[in-house]
Amino acid sequence: MQARLDFRKAAPDAYQAVVALDSYVVRDSGLEPRLVHLIKIRASQINGCAYCVDMHIKHAREDGLGQQWIDLISVWQESPIYTARERALLGWTEALTLLAETRAPDDVYDELRRHFSEEETTKLAVAIGLINVWNRVAVGFRSQHPVDVAQAAE
């Protein structure tokens, strides 16, 4: 697979707008980093964005999240490692990422609201929307993740 274009160079103003929203979500929203990692990894897995999965798994490790916690995100429904709060967020992340299929069902929303305030719920929806923008740009333009040669040879 080959990259189609460098969207950072093609439209720097559009890129900077998404970066600004990312900065808000990561630094200024008040959302727990653990939850932001959960959103970014799960949505990126669903959207098949290798570039983003690679990056966000590395960021989660750098922030001290456990390898098993990271590894099992794609099968969260089958693993007891996630808290009820994390599970509610994973369900909401899937519902909003697959919006055309799910239509954001009431039961998933109701479960999310048991664990998060209206303000948090809004900020979580923005974070989910943000990673879906990144995924669509990265997948659409075939962004290539770096390959660790030592890891690839094993």
Worksheet item: How about Ile128 and Asn132: do any of their side-chain heavy atoms sit closer than 4.5 Å?
Response: yes
Worksheet item: What are the two closest non-hydrogen atoms of Asp63 and Pro33, and how far apart are they?
Response: OD2-CB, 4.4 Å
Worksheet item: Does a sphere of radius 6.0 Å around CD in Gln67 hold more than 12 heavy atoms from other residues, nucleotides or ligands, not counting ones at 6.0 Å or beyond?
Response: yes
Worksheet item: So, are Arg85 and Glu111 salt-bridged, with charged N and O less than 4.0 Å apart?
Response: no
Worksheet item: Only one of His37, Glu94, His56 clears side chain to side chain donor-acceptor pair (under 3.5 Å) with Arg42; which?
Response: Glu94
Discussion item. Whether the side chain of Arg142 engages the backbone of Val139 through a donor-acceptor N/O pair (distance < 3.5 Å, no angle test) should be reported.
Written reply: yes
Item to complete: Would you kindly check if the NZ (Lys) or CZ (Arg) of Arg87 is within the cone defined by 45 degrees around the ring axis of Trp92 and under 6.0 Å from the six-membered ring centre?
Response: no
Discussion item. For the backbone of Gly140 and the side chain of Arg4, can you confirm whether one donor and one acceptor N or O come within less than 3.5 Å of each other?
Written reply: yes
Worksheet entry | Student check: side-chain heavy atoms of Thr93 and Leu38 closer than 4.5 Å | no
Practice prompt. Check whether any side-chain heavy atom of Ile39 lies under 4.5 Å from a side-chain heavy atom of Val25, and answer yes or no.
Written response: no
Fill in: Side chain Glu86, main chain Thr83, donor-acceptor under 3.5 Å
yes
Worksheet entry | Closest non-hydrogen atom pair, Ala10 against Pro12 | C-CD, 3.7 Å
Worksheet item: Is any side-chain N of the basic residue among Glu62 and Lys58 closer than 4.0 Å to the acidic one's carboxylate O?
Response: no
Worksheet entry | Check: Val19 main-chain N/O paired with Tyr24 side-chain donor or acceptor under 3.5 Å | no
Discussion item. Looking at Tyr51 and Asn135, would you say the former's side chain and the latter's main chain have a donor-acceptor pair under 3.5 Å?
Written reply: no
Discussion item. Using modelled atom types and a 3.5 Å cut-off, is there a donor and acceptor pairing between side-chain atoms of Glu101 and backbone atoms of Leu98?
Written reply: no
Practice prompt. For residues Leu89 and Leu124, determine if any side-chain heavy atom of one lies less than 4.5 Å from a side-chain heavy atom of the other.
Written response: yes
Discussion item. Testing the basics here: between Ala50 and His145, what is the closest heavy-atom pair and its distance to 0.1 Å?
Written reply: CB-CD2, 3.8 Å
Item to complete: Look only at the side chain of Ser44 and the backbone of Lys40, and say whether a donor-acceptor pair between them is shorter than 3.5 Å.
Response: yes
Worksheet entry | Geometric class of the Phe7/Trp134 ring pair [parallel <30°, tilted 30-60°, perpendicular >60°] | tilted
